[in-house]
Amino acid sequence: MRFFTILIAVLLFSFDSTSLQAQDNITENVLIGKRVRRWLVHLPPSYNAENQYPLYINMHGFTSNGNQQLTYSKFNTIADERGAIVVYPNGVDKRWNSGITFGIETDIDDVAFLSMLIDRMVLLYNADPTRVYSMGYSAGGFMSYRMACERTNRIAAIGPVGASITNSTFETCDPARPFPIIAFNGTNDALTSYNGMAGNFPSIKDVMEFWSEKNGCNEIPDSTDLPNINVGDLCTVTKIEYKNCSDNVEQVLFRINSGGHTWPGTSVPGVGSTNQDISANEEIWNFCSQYVVPEAYRCEAPQNLEAILTTNNTYVFNWEEQEGTEFYNFALIDAENNIVFTDSITGNQFNIELTDPSLYRWSVASSCNTGYIAWAKAQTVESIPTSIKNKSADRLSIYPNPAQNEINISNHSSLNPRSLVVFDSYGRIQKSNVDMNSQNISIDISNLSAGAYFIQMDNYSGSFIKLP
């Protein structure tokens, strides 16, 4: 089964990316299972790959996408001024799985997806894992609340706008520590009702009281009416602060009186009145930038990473084990900034047989008992090959790959195949006893579903992607 673990990792974590350029909106995508997940990465003009940057995950609302959220929130402006990476992910079918919504329950694991996205931003762009913040509009804000509930120690604070918590998430929410929250809700919001919606989500008052209790704040919050600077926006702001919370955490709600389903401070119209007395971007930045994932909930990244070439092109990767670590995550990154291989290890050593030398980077992370993940800084490995194979099986050359109707297997002079089996990503046999000729092997894959598949032919193995 080790063989299949390696192949699945290679396929599911490969992606296409442009070169790193400050101020570029880099479009990335990854095949996860049978779905391609997409997002935009925005780097500040000051970007230097040697420096660490805070990371803001900015999620769109229902029926929207990452490009539209970039335009609507305009968060790039403040990120460029102050030096931060922003990632704008796309939800599947333009929605997020923040829990059961209007009776709709989905099997999309967006919590795992966003966790993987954090890992990628840390590995590829040197985002600071202690300064990761989740924010979002409407459904994106709902998803931020779920991340605070279920991945408390992967993010430092959240900033939901026009959002609440789905009942299913609300009923099971169990944050691992007191957690900083800054929220924005309009009293005239026609979509995320301030008073809640029976069977779907609680009132904003109930949400704030829930977090205040979890955070150990004063029972009665302080309320301050902010100056009505722009009378033409037809709404005002009351700042509600939950004070004296545990672990020096703050919890703040900006109640937009007569405000709609909108992003305060944006020039792009929303649903209802958009407040111009405050800027959600400024408030989110000023609030979130105070916080890091507390040291008490972190373990150290692996130390003294070392790659040793032994015999038969086998590389042995070593590192020092760290206390408070359940297991380690290993990653190999190619020269085009693709994560081409990843795996989880319980010890502090990993062996791979490699061919076709090239320049690669590699890293390993401590997966802490608290849920925090600490990646070591990626470093180069001389003569790292492009082909990864299990030590007990030789790799097949399969083309075209990806393919839609047919794949071919290149000739090996010593190959005299007796059996050939095609497995899906769950290890289930999809084809067997395929008619073979050692000089020319072709396989009809037109009746297979789109996704990742693996081939075992005697002592040879390979993998391919079936296109829709």
How long is the straight-line distance from [atom2] of [Y] back to [atom1] of [X], given to the nearest 0.5 Å?
X: Asn200; Y: Ile165; atom1: CG; atom2: CD1; value: 14.0 Å
X: Leu55; Y: Ser134; atom1: CG; atom2: OG; value: 9.5 Å
X: Gln251; Y: Cys217; atom1: CD; atom2: SG; value: 5.0 Å
X: Gln276; Y: Asp233; atom1: CD; atom2: CG; value: 6.0 Å
X: Thr130; Y: Ile155; atom1: OG1; atom2: CD1; value: 13.5 Å
X: Asn286; Y: Ser279; atom1: CG; atom2: OG; value: 9.0 Å

[X] side chain to [Y] backbone, donor-acceptor under 3.5 Å:
X: Asn351; Y: Phe317; value: no
X: Asn275; Y: Ile256; value: no
X: Asn126; Y: Ala49; value: yes
X: Arg177; Y: Thr152; value: yes
X: Thr192; Y: Ser164; value: no
X: Asp247; Y: Val249; value: no
X: Ser212; Y: Met208; value: no
X: Gln303; Y: Ala301; value: yes
X: Asp93; Y: Arg95; value: no
X: Thr266; Y: Tyr72; value: yes

Please give me the minimum heavy-atom distance between [X] and [Y], naming the atom from each residue.
X: Thr274; Y: Pro264; result: CG2-CA, 4.4 Å
X: Trp319; Y: Ile345; result: CH2-CD1, 4.4 Å
X: Ser366; Y: Gln322; result: OG-CG, 3.8 Å
X: Ser258; Y: Ser273; result: O-CB, 3.8 Å
X: Tyr137; Y: His261; result: OH-O, 2.6 Å
X: Asp277; Y: Ile229; result: OD1-N, 3.0 Å

Would you say the rings of [Y] and [X] are close, in the sense that their centroids are separated by under 6.0 Å?
X: Tyr145; Y: Phe210; value: no
X: Phe254; Y: Phe184; value: yes
X: Tyr125; Y: Tyr53; value: no

Side-chain heavy-atom pair [X], [Y] within 4.5 angstrom cut-off:
X: Val30; Y: Arg120; answer: yes
X: Pro89; Y: Leu114; answer: yes
X: Lys205; Y: Asn195; answer: no
X: Lys214; Y: Phe179; answer: no
X: Met59; Y: Ile57; answer: yes
X: Pro129; Y: Gln52; answer: yes
X: Leu117; Y: Glu28; answer: no
X: Arg146; Y: Asn97; answer: yes

Would you sort out whether Val92 and Arg37 count as a side chain to side chain contact (heavy atoms under 4.5 Å, CB included), showing the intermediate values?
CA-CA 7 Å; Val92 174; Arg37 300 302 301 261; 3.5 Å; yes
Looking at [X], I want to see if its [atom1] is surrounded by more than 12 non-hydrogen atoms of other residues, nucleotides or ligands under 6.0 Å.
X: Gln290; atom1: CD; result: yes
X: Glu326; atom1: CD; result: yes
X: Asn248; atom1: CG; result: no

Does the side chain of [X] pick up a donor-acceptor pair with the side chain of [Y] at under 3.5 Å?
X: Asp334; Y: Asn338; value: yes
X: Asn65; Y: Asn67; value: no
X: Asn281; Y: Trp263; value: yes
X: Arg361; Y: Asn337; value: yes
X: Thr238; Y: Asn257; value: yes
X: Ser115; Y: Arg151; value: yes

In terms of relative ring orientation, are Trp96 and Phe113 parallel, tilted or perpendicular, with 30° and 60° separating the classes?
parallel
In terms of relative ring orientation, are Phe201 and Phe142 parallel, tilted or perpendicular, with 30° and 60° separating the classes?
perpendicular
Stepwise side chain to side chain contact (heavy atoms under 4.5 Å, CB included) test for Thr342 and Asp119:
CA-CA 11 Å; Thr342 185; Asp119 287 333; over 6 Å; no
Test side chain to side chain contact (heavy atoms under 4.5 Å, CB included) on Phe287 and Val252; report intermediate values, then the result.
CA-CA 9 Å; Phe287 180 88; Val252 178; 4.0 Å; yes
Side chain to side chain contact (heavy atoms under 4.5 Å, CB included) assessment of Thr236 paired with Asp225:
CA-CA 8 Å; Thr236 61; Asp225 292 328; over 6 Å; no
